[in-house]
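Quick notes on the structure that follows.
Values reported hereafter were calculated over all heavy atoms of this structure, with side chains retained and with hydrogens, waters and symmetry mates removed. All values derive from a computational prediction rather than experimental measurement.
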Amino acid sequence: MGKTIAEIILSTKSRSDAHAGDIVVAQIDLAFVQDTTGPLTVRQFRAGGFKKLANSLKAAVFLDHAAPSQSREMSNDHILLREFARQTGALISEVGDGVCHQLVAESLAKPGDLIIGTDSHTVTAGGLGAFACGMGSSDVAIGLGLGRTWFRVPETFLVELKGKFAEGVSAKDLILYLIGQIGADGATYKALEFGGDGIGGMSISQRLTVSNMAVEAGAKVGLFPAEETTCRYLTEQGRADHYTPITADGDALYQRVIKIKLGDLEPMVAKSHTVDNVVPVREVIGTKIQQVSIGTCTNGRLEDIEIVARMLEGKHRHPDTRLIVTPASRDILMSATAAGYIKTLLEAGAVILPPGCGSCLGLHQGVLGDGESCLSTANRNFKGRMGSAEAFIYLGSPATAAATVVKGEITDPREFL
Amino acid sequence: MLTGKAFKFGDDISTDLIIPGKYAYLRSNLPELAKHVMEDADSTFASRVKQGDFIVGGNNFGLGSSREHAPLVIKMAGVKAILAKSVARIFFRNAINLGLPVLVCDTDSIGDGDELEIDLQSGVIKNKSNGKQLAFGKIPAVMLRILDEGGILPYIEKHGDFRL
Ligand code: SF4
């Protein structure tokens with residue numbers, strides 16, 4: 001019997017013939033923490049009696065959620081994490097370098113890798129064909145010390161994509177549509193694997209957007225095969241040697257197959273307060289929006305900023321709507337600056353936040369007030385997520401965000417084509 | 001045998017409802033953090049919950065972030081088990097790792113304030129307030145072994161590695 005991508009990677013990493021439902025202990029290639037879950041990981045690592053990292057893995061610490069820190073408490077947590085990195089030799093990513101998931105994709109994740117991170121959006125690296133999944137602090141602490149952890153090999157849902165996106169429609173609309181269809185727990189414990197001819201036209205940036213939100217359907221991983229596009233991306237990043245092709249076997253056994261014609265999709269939004277509360281943009285057109293947030297590990301990449309900058313060229317934000325743009329990494333900010341996008345955004349009235357999580361989790365910068373509505377390109381719209389529990393978060397694509405900020409109300413981006 | 005009162009919540013209790021991201025700066029000060037447990041779902045919960053009580057949810061309990069602080073503050077509040085129709089994957093694993101049982105069952109017949117008696121061994125929940133009995137789904141064997149040791153750290157301390 002053939003294997004899915006999840007089964008192939010977990011078989012290799014556990015040196016066994018792994019099939020859905022099996023419990024395996026597998027070798028980890030990369031384990032990482034960020035600054036809100038890292039301190040507990042460090043404490044659990046020490047409480048577990050570990051002194052050093054397992055030799056077999058790469059370890060990384062990202063200071064990204066409070067970047068720069070907004071409070072003495074977070075600064076003290078940063079001190080603890082820097083010390084841990086110094087003591088153990090873990091890589092450290094400083095304040096302003098960017099969001100963990102973007103940096104993992106840019107420089108660390110390889111196709112076929114097994115990656116764990118103390119952040120649910122660790123799934124993002126699935127866009128490169130890595131089995132990457134989020135875990136809690138204790139699991140990652142033990143992973144760091146032992147170099148391995150246990151997994152239940154997930155059943156896989158194949159999402160078969162056909163054709164090409166229509167103009168004004170992108171990867172974000174696709175993943176919102178899918179989550180709307182299967183629900184926020186529609187893929188709990190499962191692997192989502194994306195296939196079909198439609199993926200050929202999707203850039204790595206788009207694949208990362210889709211994999212990033214696999215967890216919003218409850219999935220353990222969101223996997224793309226690694227093929228030419230992946231090879232090209234890694235080569236551009238100067239790490240062609242990290243490429244290995246990964247595809248599922250032709251006779252792999254899927255628990256469910258979901259077929260989506262990309263050309264049939266239209267711009268979508270998730271209304272507050274759940275990610276599966278998805279409707280086409282046209283159903284909420286005219287909803288007043290006080291803040292538009294563009295960025296995060298979902299949609300803070302160069303392609304996203306480019307779409308927004310092109311749409312905002314010569315235009316200005318609506319007087320009642322603030323525009324906050326947070327590039328996902330330093331590299332992205334530098335490229336966006338060099339391309340002139342940042343200038344365009346500033347001229348359109350944007351506030352540019354340092355690379356990192358920005359306003360995504362309501363910890364600092366861009367916190368919403370009572371009764372306010374935000375259109376965000378992030379992945380979560382839970383009640384209280386961006387500060388006030390009395391605020392409303394709508395999730396949409398960068399193009400929808402750009403159209404919305406000009407009109408001050410939710411707007412179909414195709415109006416601007 | 002566990003006995004206590006049910007605190008009933010609805011579907012989709014996210015980790016942001018359990019402990020919002022805006023309090024991330026308190027995560028190295030657990031007693032302070034724990035004061036905000038369930039705050040955005042029910043702001044009176046922290047002051048009403050007692051040692052031995054239960055949190056009862058609906059579908060997809062604990063969806064969202066990987067923050068282990070979510071089950072941790074629930075445990076610190078004295079809650080002895082979480083009952084829900086379904087549970088998000090990372091939250092499930094985190095709770096078990098902390099030695100906090102998560103029981104999957106049809107929670108519709110449990111009302112807010114009901115007195116429950118739970119037998120972890122036999123898998124039966126008695127609702128003393130309405131006389132009904134419920135069975136909960138088996139906790140996967142691996143997780144049961146971790147739970148039996150009181151969590152993943154004691155488990156690894158005892159076995160030195162994963163012995164599945
Ligand atoms: S950008 Fe948002 S979703 Fe992504 S890691 Fe940061 S807080 Fe989490």
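A cation-pi geometry, defined here as NZ or CZ lying under 6.0 Å from the six-membered ring centre and within 45° of its normal, does not hold between R163(B) and W150(A).
Side-chain contact annotation: D77(A) with S28(B), donor-acceptor N/O pair under 3.5 Å present.
Atom NZ in K220(A) sits 6.5 Å away from atom CZ in R93(B) (nearest 0.5 Å). Rounded to the nearest 0.5 Å, atoms CZ (F382(A)) and OG (S65(B)) are 9.0 Å apart.
When the candidates H121(A), E216(A), H364(A), R43(A) are compared by the number of heavy-atom contacts under 4.5 Å with chain B, R43(A) comes out ahead. With chain B as partner, the option from R380(A), R72(A), M74(A) having the largest number of non-hydrogen pairs under 4.5 angstrom is R380(A). Taking S137(A), G48(A), G384(A) one by one and counting their heavy-atom pairs under 4.5 Å with chain B, the maximum is reached by S137(A). Contact tally against chain A (heavy-atom pairs below 4.5 Å) for A41(B), G21(B), G64(B), A24(B): the top residue is G64(B). When each of V215(A), D139(A), T274(A) is scored by its heavy-atom pairs under 4.5 Å with chain B, the top score falls to D139(A). Taking T149(A), T188(A), D35(A), L361(A) one by one and counting their heavy-atom pairs under 4.5 Å with chain B, the maximum is reached by T149(A).
Between I142(A) and F162(B), some side-chain heavy-atom pair lies under the 4.5 Å cut-off. Here the side chains of D16(B) and K383(A) are not in contact, with every heavy-atom distance at 4.5 Å or above. Inter-residue side-chain proximity for D185(A) and D12(B) is flagged as unmet; no heavy-atom pair is nearer than 4.5 Å. Residues R89(B) and M135(A) form a side-chain contact, since some pair of their non-hydrogen atoms from C-beta on lies under 4.5 Å apart. Side chains of T118(A) and E68(B) form no contact here, defined as non-hydrogen atoms less than 4.5 Å apart.
Closest approach of G136(A) and N94(B) over heavy atoms only: CA-OD1, 3.0 Å. Between I152(B) and S138(A) the shortest heavy-atom distance is CG2-CB, 3.6 Å.
Crowding of R15(A) atom CZ: a count of heavy atoms from other residues, nucleotides or ligands under 6.0 Å not exceeding 12. Within 6.0 Å of atom NZ in K8(B), more than 12 heavy atoms from other residues, nucleotides or ligands are found, so the atom counts as buried in its surroundings.
The part of F92(B) that comes within reach of chain A is its side chain, from C-beta onward, which places non-hydrogen atoms under 4.5 angstrom from that chain. Both the backbone and the side chain of D161(B) come within less than 4.5 Å of a heavy atom in chain A. Contacts of A66(A) with chain B are absent, with no heavy-atom separation under 4.5 Å from either backbone or side chain. Looking at R385(A), the atoms closer than 4.5 Å to chain B (heavy atoms on both sides) sit in the backbone and in the side chain alike. Both the backbone and the side chain of L63(B) come within contact range of chain A, judged by heavy atoms closer than 4.5 Å. With a threshold of 4.5 angstrom between heavy atoms, S71(A) approaches chain B through side-chain atoms but not through N, CA, C or O. Heavy atoms of C133(A) lying under 4.5 Å from chain B belong exclusively to its side chain. For I146(B), the part lying under 4.5 angstrom from a heavy atom of chain A is the side chain only. Residue contact with chain A, scored on non-hydrogen atoms closer than 4.5 Å, is absent for L30(B).
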- Task: Evaluate side-chain contact (heavy atoms from CB on, under 4.5 Å) for Q44(A) paired with L153(B), printing each intermediate quantity in order.
- Result: CA-CA 8 Å; Q44(A) 296 294 72; L153(B) 278 193; 3.7 Å; yes
T37(A) and R27(B): side-chain contact (heavy atoms from CB on, under 4.5 Å), yes or no, with the steps?
-> CA-CA 8 Å; T37(A) 50; R27(B) 288 187 190 174; 4.0 Å; yes
request  = For T36(A) and Y25(B), run side-chain contact (heavy atoms from CB on, under 4.5 Å): C-alpha distance rounded to whole Å, both residues' side-chain angles, the deciding distance at 0.1 Å, then the answer.
outcome  = CA-CA 8 Å; T36(A) 72; Y25(B) 72 97; over 6 Å; no
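Salt bridge annotation for D119(A)-R67(B): absent, with no cationic side-chain nitrogen under 4.0 angstrom from a carboxylate oxygen.
In terms of modelled atom types and a separation under 3.5 Å, the side chain of K22(B) and the main chain of L363(A) share no donor-acceptor contact.
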